[in-house]
J.: 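The structure's right below; bear with me while I get my questions together.
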Amino acid sequence: MKNIKEDEKLNVLNHSCAHLLAQAVKHLYPNAKFWVGPVIEEGFYYDIDLGDEVVKEEDLAKIEKEMKKIAKDGKRIVREELTKEEALMKFHDDPYKIDLIERMEDGNVISCYTQGDFTDLCRGPHVESVKVLRHFKLLKVSGAYWKGDAKNKMLQRIYGVCFETEEQLQEHLAYLEEMKNRDHRKLSKDLKIYMTHDLVGQGLPLWLPNGAFLFHELEEYIREKEINLGYYHVYTPIMATSELYKISGHWDHYKDDMFPLMKREGEEFVLRPMNCPHHMLIYKNELHSYRDLPIRIGELAHDFRFEASGALCGLERVRTFCQNDAHLFVRPDQIESEFKRVVDLILEVYKDFNITEYSFRLSLRDPSDKEKYYQNDEMWEKAESTLRKVLDDLKIDYFEAVGEAAFYGPKLDVQIKTAIGHELSLSTCQLDFLLPEKFDLTYIDTDGSKKRPVVLHRAILGSIDRFIAYLIEVTKGSFPLWLAPVQVNIIPVNKEYHEAYATEVYKLLQKQNIRVEIDDRNEKLGYRMRESQTRKIPYTLILGDKEVEQKTVSYRLFGQENTQTLSTEEFIRLLQEEIQTKKRK
RNA sequence: GCCGAAAUAGCUCAAUUGGUAGAGCAACUGAUUUGUAAUCAGUAGGUUACGGGUUCAAGUCCUGUUUUCGGCACCA
């Protein structure tokens with residue numbers, strides 16, 4: 001999709017369109033007051049205070065109509081430059097604009113733009129005339145907190161997009177529609193990946209057999225990779241006493257995001273929101289020599305977080321999920337090499353899954369946020385500069401995000417965008433000097449003295465749940481053979497004559513651990529083929545007279561129309577090769 | 001959590017201004033015995049998410065709850 005904000009022409013066009021929107025809203029809602037109307041990647045929006053009035057989705061058509069009317073009139077857009085005092089005078093009855101003006105530096109030129117009966121404070125630039133604004137569409141309305149702060153009043157936000165030609169606009173709208181069809185929630189329903197139920201609760205998905213196969217294969221995949229890299233896997237309880245999180249420091253920072261306390265016989269338990277404290281205790285269970293480090297403790301661990309109800313989304317954001325977690329206990333001199341190994345693993349895994357659209361985010365603390373972040377300037381500077389150095393050494397492109405760090409340290413996150421445009425972290429690698437401190441972790445150094453290890457928290461697939469959600473979207477539900485819930489579907493042409501051979505092939509494949517089904521229903525071949533294709537099963541076998549006679553199989557690949565014929569042995573070899581090469585590199 | 005919208009058969013959707021809840025697919029039964037994306041006929045399927053109210057009459061209007069959707073805020 002075109003990034004409208006980055007495109008010079010479209011940026012100006014959409015910004016002007018935001019003004020056109022404001023003007024139309026002003027005509028229809030005379031009491032409207034306007035905050036800001038910026039250009040974003042997807043188009044533009046305007047935040048508006050309508051007092052007691054409400055814009056509903058059905059009102060968008062009405063507003064669009066007014067916008068078209070104004071555009072047709074074709075007023076010129078005129079720039080005017082003011083001093084701060086003049087600007088304050090001009091917008092004296094608009095508290096929102098006064099707020100903006102007052103925060104501008106004295107002496108700077110302040111500009112505003114006028115089109116017909118509407119003037120707005122704005123840096124510009126704009127198109128010459130509203131006449132150019134013809135191919136636009138208002139897309140959605142929503143509430144949005146003033147200045148992005150939940151403590152403030154909620155304004156109304158109207159989103160839209162504008163293009164130079166009608167073709168471009170229609171193409172864009174078609175693209176948005178196409179993306180909706182890629183939404184993992186829709187595909188998951190079609191492909192029977194997971195379900196939810198009111199009686200279980202929101203954000204708590206139930207994995208159906210097809211989803212469970214995916215889940216299991218991914219667990220096996222990453223576990224094997226990690227074992228080859230020297231990780232040890234453990235299982236730890238999904239709960240602990242609240243005391244554990246008081247020691248780790250999580251209690252102070254995150255108890256509101258945890259499921260509430262369970263009290264019994266004077267003890268207090270919580271469902272765990274993360275696994276770090278458990279793994280710290282496993283490290284502490286033994287005395288460690290400098291020779292033993294790094295020690296890598298991994299777990300496919302189920303965690304529970306009380307996410308805000310409005311944040312929940314399919315498998316992408318849930319209240320219980322399975323983390324592909326590990327904690328790497330390293331000596332200070334090993335931070336760089338170990339961090340590099342994690343980045344290498346991330347790159348390797350993404351390659352295995354053909355994930356190409358992602359970016360690295362270096363998440364740093366916001367030094368002014370004294371509440372969220374653990375206070376120790378020296379520690380933070382050391383940690384942040386270490387990560388930066390490794391990334392630079394690896395020549396990895398990344399962007400920095402202030403205020404996105406964990407409370408205990410900076411991190412490298414891998415960001416992806418979902419089909420419907422949500423930006424999410426998939427993988428993460430976090431540097432932590434704090435938890436080793438809190439749990440008084442040590443190793444014995446060369447000189448016999450106790451030293452403090454450093455911890456790297458990392459998750460490669462992130463959460464299995466979210467990873468599957470993303471995988472469904474990038475593959476459109478057509479999974480590579482090794483992941484496909486059903487890998488081969490056998491269709492005997494005639495039940496009476498071909499079922500025996502079909503069963504024979506079925507048993508052969510099953511013996512090779514191929515996930516295979518046989519569709520011997522009394523339905524026409526075309527009917528069964530159609531269903532096989534809509535289920536996106538990679539291989540569909542057609543077995544009839546010819547195949548029985550020659551001891552062969554004829555197969556059709558998902559999404560293709562031609563049929564290939566191979567001997568049964570060759571076919572099995574083909575499957576095995578495809579599974580092996582894609583699965584284990 | 002906040003602003004807004006929605007919830008009708010397993011799924012996708014209909015149901016004039018309040019006036020007998022329907023269709024396609026799926027399921028089941030029977031016929032058909034099939035060579036690459038939907039064979040034909042029949043049967044069954046509903047406290048219209050859940051609770052309360054208005055009305056002679058509520059899927060439709062009001063109200064509370066739950067869940068879902070679009071954003072915002074959040075995301076250890």
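Note that this is a predicted model, so its numbers are computed, not measured. The chains referred to below are lettered A, B, ... by the order of the sequence lines, with proteins before strands, and numbering in each begins at 1.
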J.: Can you check whether A/R556 has a side-chain N or O nearer than 4.0 Å to OP1 or OP2 of B/A37?
T.: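 For A/R556, the contact criterion (side-chain N or O under 4.0 Å from OP1 or OP2 of B/A37) is met.
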J.: Tell me, which pairs form a salt bridge (Lys or Arg N to Asp or Glu O under 4.0 Å) where one or both residues lie in residues 296-314 of chain A, sequence neighbours left out?
T.: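 Applying salt bridge (Lys or Arg N to Asp or Glu O under 4.0 Å) to every pair that reaches into residues 296-314 of chain A, excluding sequence neighbours, yields A/R272-A/E299, A/R272-A/D303, A/R296-A/E338, A/E307-A/R317.
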J.: Who are the side-chain contact (heavy atoms from CB on, under 4.5 Å) partners of A/L187, not counting sequence neighbours?
T.: A/I472, A/K536
J.: Under a 4.5 Å cut-off applied to non-hydrogen side-chain atoms, are A/R361 and A/L412 in contact?
T.: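 With C-beta onward as the side chain, the pair stays apart.
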J.: If the condition is ring-ring contact (aromatic ring centres under 6.0 Å, His included), which residues does A/F439 pass it with, not counting sequence neighbours?
T.: none
J.: Which atoms of nucleotides 13-16 of chain B (N or O only) lie under 3.5 Å from a protein N or O atom, and what are those distances?
T.:
none

J.: Under the side-chain contact (heavy atoms from CB on, under 4.5 Å) test, which residues partner A/K189, sequence neighbours left out?
T.: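 With sequence neighbours excluded, A/K189 shows a side-chain contact (heavy atoms from CB on, under 4.5 Å) to no residue whatsoever.
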J.: Identify whether any heavy atom of A/T534 sits under 4.0 Å from a base atom; if not, whether one sits that close to sugar-phosphate; answer base, sugar-phosphate or nothing.
T.: base
J.: Under 3.5 Å, which protein N or O atoms sit close to an N or O of nucleotides 6-11 of chain B? Give each pair with its distance.
T.:
none

J.: How many Å lie between CD on A/Q560 and P on B/A37, as a whole number?
T.: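 Value for this atom pair: 14 Å.
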J.: At less than 4.0 Å, is any side-chain N or O atom of A/K56 found next to OP1 or OP2 of B/A5? Yes or no.
T.: yes
J.: Is A/G544 touching bases, backbone alone, or none of the nucleic acid, heavy atoms closer than 4.0 Å?
T.: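 If one applies the 4.0 Å heavy-atom cut-off, A/G544 turns out to touch a base.
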J.: For nucleotides 69-76 of chain B, give me one character per nucleotide, 5' to 3': B if any protein heavy atom sits under 4.0 Å from the base, S if the only such contacts are to the sugar-phosphate, - if neither.
T.: SBBBBBBB
J.: Which dot-bracket string describes RNA chain B (Watson-Crick N1-N3 plus N6-O4 or O6-N4, or G-U N1-O2 and O6-N3, all under 3.5 Å; [ ] crossing; | other strand)?
T.: (((((((..((((.....[..)))).(((((.......))))).....(((((..]....))))))))))))....
J.: Could you tell me whether A/V54 contacts a base, only the sugar-phosphate backbone, or nothing, with contacts defined as non-hydrogen atoms closer than 4.0 Å?
T.: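 Since only primed, P, OP1 and OP2 atoms lie under 4.0 Å of A/V54, the category is sugar-phosphate.
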J.: So which protein nitrogen or oxygen atoms get under 3.5 Å of nucleotides 59-66 of chain B's nitrogens or oxygens?
T.:
none

J.: May I ask you to check whether A/F571 and A/Y539 place their ring centres under 6.0 Å from each other?
T.: yes
J.: Holding to side-chain hydrogen bond (donor to acceptor under 3.5 Å, both in side chains), I want the full list of residues that pass it with A/N14, two or more places apart in sequence or in another chain.
T.: none
J.: Please identify each residue that fulfils ring-ring contact (aromatic ring centres under 6.0 Å, His included) with A/H250, with sequence neighbours left out.
T.: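 Residues passing ring-ring contact (aromatic ring centres under 6.0 Å, His included) with A/H250: A/F407.
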J.: Does the Lys NZ or Arg CZ of A/K33 fall within the cation-pi geometry relative to A/Y96 - under 6.0 Å from the ring centre and within 45° of the axis?
T.: no
J.: In whole Å, I'd like the distance from the CD atom of A/E523 to the P atom of B/U39.
T.: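 Those two atoms, CD and P, are 7 Å apart.
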J.: Output the residues of residues 490-501 of chain A in contact with RNA chain B, where contact means a heavy atom of the residue under 4.0 Å from an atom of the strand; sort by number or write none.
T.: A/V493, A/N494
